[in-house]
*Asks:* 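Mind looking over this structure? Questions follow.
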Amino acid sequence: MGKITGRTVLIVGASSGIGAEVARQLAPGGNRLVVVARRAPELAGVAEAVRAAGGTCLDITADALDARAAADVVASAVTAFGSVDIALLNAGQGPDMSMDDVSTDDVSRIMALNYDVVVNYLIPLIKQMKRQPHGGLIAHTNSLAGLMGIPRQGPYSAAKAAARTLIDAARVELAPQGIRFTTIHPGFVATDRVGADGLPKPFQISQERAARYVIRALEREPANSHFPWTTATLVRALRILPASMSSLALRAMASR
C-alpha cells in the first residue's frame with residue numbers, strides 16, 4: 001500500500017494505548033480517522049488530538065461486544081466518508097489469570113473480549129469491503145501470546161489463537177475480492193492496562209514505538225507482523241523446542 005495518506009481508517013479500541021497512539025500518528029497524513037471505544041471522555045481527547053494535528057476525525061462511542069453497535073459503526077463511517085479503506089481491530093484484554101483459579105465465566109469473558117469483538121466487526125467490514133472497488137485492509141492487533149499458550153494467560157492466548165485462525169481462513173477466501181488481512185503480534189507494550197497486571201514483561205516497548213510498528217504493518221500489509229524482534233525471536237525459539245524444554249522455560253519466566 002505504501003505510506004498511509006488520504007485514507008479512511010477505522011480504529012476500534014482507540015481511547016488509549018496502541019489504538020490511540022496509531023490515531024495520533026496517522027493524523028498528519030490527511031487521513032480520515034474513525035475512532036471507536038466505550039470510554040467517551042478519553043475517546044474525545046484522542047479525536048481532539050487528531051484534529052489538532054490536521055486529521056479529520058469522527059469519534060463514536062460504542063461497545064465492541066455489541067454486534068449491532070459494531071455494524072452501526074461501520075455504516076456511520078461509510079456515511080461520513082464513503083468507504084473504509086483500513087480497519088484496525090484493536091479491542092481486547094489479557095489480565096493475569098491462573099488456570100487453577102479461573103471459573104468458566106472468566107474464560108468465557110476473556111473469549112468474548114478478544115474473539116467476539118473481532119467477529120462483531122469482521123462480518124460487517126467484509127460485507128462493506130466487498131462492495132468497494134478497491135476492497136480494503138482489515139488488521140487485527142493480536143499478540144505473541146496468540147502463538148502459544150502462555151502461563152497465567154491461557155484463556156487470553158486461546159482467544160487470540162482463535163482470532164488468528166479465523167483471519168487466516170478469511171485471508172485465503174477473500175483475496176480474490178481485494179480484501180486483505182494483516183495479523184499484528186506485539187510483545188509486551190507499556191500501556192496502562194499491561195502495567196497493572198503483575199506479569200513479568202521481558203523486552204517491553206513503549207506504546208509510541210509499538211504504534212510505529214503497527215503503522216509499518218498497515219503500510220506493508222504482511223500476512224503476519226511480529227514485534228519487537230527480541231520477544232518474537234524468543235517465542236519462535238520456544239515454539240520449536242521440545243515441549244518438555246519449552247515448558248520448563250515458560251515456567252521459569254512465569255515465576256519471576
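Residue numbers count from 1 along this sequence. Worth knowing before you read on, the calculation uses all heavy atoms, side chains too, and leaves out hydrogens, waters and symmetry mates.
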*Asks:* Output, in order, the C-alpha distance, side-chain angles, deciding distance and verdict of side chain to side chain contact (heavy atoms under 4.5 Å, CB included) for Leu10 and Val35.
*Replies:* CA-CA 6 Å; Leu10 168 65; Val35 294; over 6 Å; no
*Asks:* Between Asn120 and Ala64, is there a donor-acceptor pair closer than 3.5 Å when you use the side chain of the first and the backbone of the second?
*Replies:* yes
*Asks:* Would you give the length of the straight line joining atom OH of Tyr213 to atom CD of Glu208, rounded to the nearest 0.5 angstrom?
*Replies:* 13.5 Å
*Asks:* Is it the case that the side chains of Ser15 and Arg39 hold a donor-acceptor pair, with the cut-off being a distance below 3.5 Å and no angle test?
*Replies:* yes
*Asks:* Just by distance, do the side chain of Asn90 and the backbone of Gly13 share a donor-acceptor pair under 3.5 Å?
*Replies:* yes
*Asks:* Can you tell me how far apart CG (Leu26) and CD1 (Ile11) are? Round to the nearest 0.5 Å.
*Replies:* 6.0 Å
*Asks:* Can you check side chain to side chain donor-acceptor pair (under 3.5 Å) on Asp106 and Ser103, steps first, answer last?
*Replies:* CA-CA 5 Å; Asp106 291 332; Ser103 67; 3.2 Å; yes
*Asks:* Can any side-chain N or O of Arg32 pair as donor or acceptor with the backbone N or O of Gly6 at less than 3.5 Å?
*Replies:* yes
*Asks:* Would you mind checking if Arg51 and Asp59 are paired as a salt bridge, meaning a charged N to carboxylate O distance below 4.0 Å?
*Replies:* yes
*Asks:* Under 3.5 Å, side chain of His185 to main-chain N/O of Ser143, donor-acceptor pair present?
*Replies:* yes
*Asks:* If only atom types and distance count, is the side chain of Asn31 paired as donor or acceptor with the main-chain N or O of Thr8 below 3.5 Å?
*Replies:* no
*Asks:* Are Leu88 and Val12 close enough, and set up right, to give a side chain to side chain contact (heavy atoms under 4.5 Å, CB included), and what steps lead you there?
*Replies:* CA-CA 6 Å; Leu88 174 62; Val12 180; over 6 Å; no
*Asks:* Above 12 or not: heavy atoms from other molecules or residues under 6.0 Å from CZ of Arg24?
*Replies:* yes
*Asks:* Taking atom CD of Glu48 as the centre, does the number of heavy atoms from other residues, nucleotides or ligands within less than 6.0 Å exceed 12?
*Replies:* no
*Asks:* Please step through side chain to side chain contact (heavy atoms under 4.5 Å, CB included) for the pair Arg180 and Arg171, ending with a clear verdict.
*Replies:* CA-CA 6 Å; Arg180 294 97 58 202; Arg171 180 183 298 112; over 6 Å; no
*Asks:* Given side chain to side chain contact (heavy atoms under 4.5 Å, CB included), test Leu174 with Ile126 step by step and report yes or no.
*Replies:* CA-CA 9 Å; Leu174 295 166; Ile126 288 171; 3.6 Å; yes
*Asks:* Spell out, as yes or no, whether a donor-acceptor pair under 3.5 Å connects the side chain of Lys160 to the backbone of Thr141.
*Replies:* yes
*Asks:* Decide yes or no on side chain to side chain donor-acceptor pair (under 3.5 Å) for Arg131 and Ser83, but give the supporting numbers first.
*Replies:* CA-CA 9 Å; Arg131 295 192 287 263; Ser83 66; over 6 Å; no
*Asks:* Check for a donor-acceptor pair, side chain of Glu42 on one end and backbone N or O of Ser16 on the other, with a separation under 3.5 Å.
*Replies:* no
